[in-house]
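Source: prediction; values computed, not measured.
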Amino acid sequence: MNTPNDSKECTTDPAVPDGGLTAWLTALGAFFIQMAGFGFVNAFCVFQDYYSQRYLTNVSSSAISWIGSTNSFLILSGGLFFGPLYDRGYFHWLVIGGCSLQVICLFMLSFIQQHQFYQIFLCHGLGFGLATSMSYVPSLAVLSHHFEKRRAIAMSIVAGGAPIGAAGYTILLNNLLNGDLGFANSIRITAATNAVCLLIGCALMRTRSLDPKTQMHYSQLLRTSSADYPYIFATIGLLLFGAGSFFPIFYIQLDSSMHGLGKEFSFYTNVILNAGNFVGRITAGFIAAYCGISNAFIGSTLGSAIVIFATISLSTRAGAASIGLFIGFFLGVYVALCAPLIARLTHDLSQLGARMGISLFMAGLGSLIGTPLAGALLGSDYGWWRPAVLCGCFSVASTVMFAATQVLLQHRKESSARSSLVISPSL
C-alpha cells in the first residue's frame, strides 16, 4: 500500500506517460471497480421493483427510493472527503478499504429479514454507499496520472464498466430474487461476484502518486474557485442533472411492469438501458474529440431531457425499449465525460481529487433530492407524468448551465488570445 511517506517512491518521470502497460492495466482495474461498484448501484431498479412489490410492502415507493438515492448520493459526495485523501497519497488505502467494506455490507444485507426497512436502509443505502465512494473517485482520478491526450478516451472506457455491471447485475438479481433461492442466498451470491471483480481491480491498479504542489484545504480551494465561473456553472449543472437523471434509472423496470408490458420484458428494460449506456460511455471520448467536451455535455443533457419527457407516453414494448436505449446512451455520454470536464476546468492536477469531490458532491446532492421527490410525485396512483415533467425540467435547466460554461470558456479563450497579441509586440 502507498502511504504519504512512500508515495515519492512511486513517482518516476513527472511527465504523464499517456499509455503503456501499467497505464492500461490500471484502466482495466478501474473498469472492474466501476463494474462492481456503480454497476451494482445502477441495477437498483431491480430492488425498487422487488422491495415495492414483495420485500418491503409496508413502505411507499418514495421511501424505498431513499435507499437508492442515498446510496448514489454517498458514492458521489464521498469524494468531498476522500478526494483530498487521494491527493495526499492514500490511493491504495482508500481502494482496498472501500472494496472490502462493499463486500461486508452486501453480506450483512443478506441477513436482514423482510419488512425491516431501516436495517436495509442502513446497510444497503448508507453502508454500501460510503464503502463504494471510497474507491469511486480514486479509481477515476488515478487515470490522470497515466493519461493526458488520451484521458477522455481512457475515462470513457473505464466508465463503460458501470453499464456492463448494471446489465449483468440486473439479469443476475432478477433471476436470483425471483427464483427459488430466496433473498438471503441471492444477495450472498451477488456479494461473492462483487468480491471477485473488486479483487481483480485492486490487483491491477497502480498509481504514480504525483506529489501535490501544495496541501490545499477546501476553504482555500473554495476561495480560489470563487471567481472560476465556468467551474461554478458546471457544478450547478451537475446538481440539476443529478436531480433529474436518476428517475429513469430507478423506475424504468417498475414503470414497464405497472404498464402491463410483461414480467419478462420488464426484467430486461434496465438491460436495454445499460446497453445504450455502454455505447454512450465507450463512444463519449470520440464524440468529445470531435465536438468538444462542453458541446457533448450540452447535447447529452438536452437529449436526456427530451427522452425523460417522452416517458409520459410510455405504453408499449417498443416505446419502453426506445426510451431505455436512448436515455441510456445520453446518460452514458454524460457520465463518461464528467471527470474529463472537471479535469479540463482544473489547472493544477494536484487539486483534481478535491475539485472532483466538490463537483460530485453537488451531483450526488441532486440525486438525493430528485429521486425521492419523483417518488413522492408518483404517488400511490402511479401518475407517471408528474415525475417525468419535474425531472425533465431539471435536465433542461442543467443544459442551460453547461451552455453557460461553454460560453464562458470561449470568452476566456478569446481574452487570453487578445492578451497574447498585446504582449507579443513588446517581446
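Under the side chain to side chain contact (heavy atoms under 4.5 Å, CB included) criterion, I75 pairs with F38, V41, N71, T132, Y136, sequence neighbours left out. Here A275 pairs with nothing under the side chain to side chain contact (heavy atoms under 4.5 Å, CB included) rule; sequence neighbours left out. Remark: F329 pairs with no residue by the ring pair (Phe, Tyr, Trp, His ring centres under 6.0 Å) rule, at least two apart or across chains. For L28, the side chain to side chain contact (heavy atoms under 4.5 Å, CB included) criterion is met by F32, L204, not counting sequence neighbours. Remark: R317 engages no residue in a salt bridge (charged side-chain N to carboxylate O under 4.0 Å, His left out) (not counting sequence neighbours). Every residue two or more places apart in sequence or in another chain that forms a side chain to side chain contact (heavy atoms under 4.5 Å, CB included) with L122 is listed here: L126. Partners of W24 under the ring pair (Phe, Tyr, Trp, His ring centres under 6.0 Å) rule, at least two apart in sequence or in another chain, are F147. Here Y50 pairs with Y55 under the ring pair (Phe, Tyr, Trp, His ring centres under 6.0 Å) rule; sequence neighbours left out.
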Test side chain to side chain contact (heavy atoms under 4.5 Å, CB included) applied to S72 and F246, step by step: CA-CA 9 Å; S72 301; F246 279 88; 3.5 Å; yes

Where do Y268 and T170 land on the side chain to side chain donor-acceptor pair (under 3.5 Å) test, with the steps shown first? CA-CA 8 Å; Y268 287 94; T170 298; over 6 Å; no

Go through the steps to decide whether L94 and S135 satisfy the test side chain to side chain contact (heavy atoms under 4.5 Å, CB included), and finish with yes or no. CA-CA 6 Å; L94 289 171; S135 60; over 6 Å; no

Chi angles and distances behind the side chain to side chain contact (heavy atoms under 4.5 Å, CB included) call for I327, L273: CA-CA 7 Å; I327 192 65; L273 185 151; 3.7 Å; yes

For T371 and F73, run side chain to side chain contact (heavy atoms under 4.5 Å, CB included): C-alpha distance rounded to whole Å, both residues' side-chain angles, the deciding distance at 0.1 Å, then the answer. CA-CA 11 Å; T371 309; F73 166 70; over 6 Å; no

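Atom CZ of F117 sits in a crowded spot, with more than 12 heavy atoms from other residues, nucleotides or ligands closer than 6.0 Å.
Between L101 and F128, every side-chain heavy-atom pair lies at or beyond the 4.5 Å cut-off. In this structure, I358 and Y231 have side chains that are in contact, with non-hydrogen atoms separated by less than 4.5 Å. Annotation: side chain of L106 is not in contact with side chain of Q102 (no heavy-atom distance under 4.5 Å). Here the side chains of I33 and C99 are in contact, with some heavy-atom distance below 4.5 Å. With a 4.5 Å cut-off on side-chain heavy atoms, I164 and F31 count as touching. Counting heavy atoms from C-beta outward, F330 and L302 have side chains that stay 4.5 Å or more apart. Looking only at side-chain heavy atoms (C-beta outward), C338 and L360 come within less than 4.5 Å of each other.
Looking at T70, its side chain never comes within 3.5 Å of a backbone N or O of I67 through a donor-acceptor pair. Although no hydrogens or angles enter the test, the distance criterion places no donor-acceptor pair under 3.5 Å between the side chain of S52 and the main chain of S61.
Applying the side-chain hydrogen bond (donor to acceptor under 3.5 Å, both in side chains) test to residues at least two apart or on different chains, the pairs with a partner in residues 280-294 are N277-R281, S294-R344, S294-Q406. Among residues at least two apart or in separate chains, side-chain hydrogen bond (donor to acceptor under 3.5 Å, both in side chains) pairs with a member in residues 250-261 are D49-Q253, N174-Q253, D255-H259. Counting only residues at least two apart or in different chains, salt bridge (Lys or Arg N to Asp or Glu O under 4.0 Å) contacts with residues 383-397 comprise D381-R386. Here side-chain hydrogen bond (donor to acceptor under 3.5 Å, both in side chains) pairs that include residues 241-250, with residues two or more places apart or in two chains, number zero.
A donor and an acceptor atom, one from each side chain of Q48 and S65, are nowhere located under 3.5 Å apart. Between the side chains of T399 and T301, a donor-acceptor pair is found at a separation under 3.5 Å.
The heavy-atom pair separating N42 from A162 by the smallest distance is ND2-CB, 4.3 Å. Residue S139 comes nearest to V142 through the heavy atom pair O-CG1, 3.6 Å, listed as atom of the first residue, atom of the second, then distance. In this structure, R206 and H146 approach most closely via the heavy-atom pair O-NE2, 2.9 Å. Across every non-hydrogen atom of A404 and F233, the tightest pair is CB-CD2, 3.6 Å. Taking both residues in full, the closest heavy atoms of A388 and I308 are given as O-CG2, 3.5 Å, listed atom of the first, atom of the second, then distance. Counting all heavy atoms, side chain and backbone alike, G127 lies closest to C105 at C-SG, 3.4 Å.
Rounded to the nearest 0.5 angstrom, I236 CD1 and F402 CZ are separated by 10.5 Å. Note that CG of N270 and OG of S266 are 11.5 Å apart. Values are rounded to the nearest 0.5 Å. Considering CE of M401 and CD1 of I232, their distance stands at 12.0 Å, rounded to 0.5 Å. L345 contributes atom CG, which lies 8.0 Å from atom OG of S359 (distance to the nearest 0.5 angstrom). Separation of atoms CE (M205) and NE2 (H92) is listed at 7.5 Å; rounding is to 0.5 Å. Here the OG1-CG distance, from T405 to L341, works out to 7.0 Å after rounding to the nearest 0.5 Å.
In this structure, Y334 and F241 have tilted ring planes: the angle between them lies in the 30° to 60° band. Note: F47 and H124 have perpendicular aromatic rings, judged against thresholds of 30 and 60 degrees for the angle between ring planes.
When each of T311, L377, I312 is checked for a side-chain contact (heavy atoms from CB on, under 4.5 Å) with V389, only I312 meets the rule. No option in L337, V333, L331 other than V333 meets the side-chain contact (heavy atoms from CB on, under 4.5 Å) test with S300.
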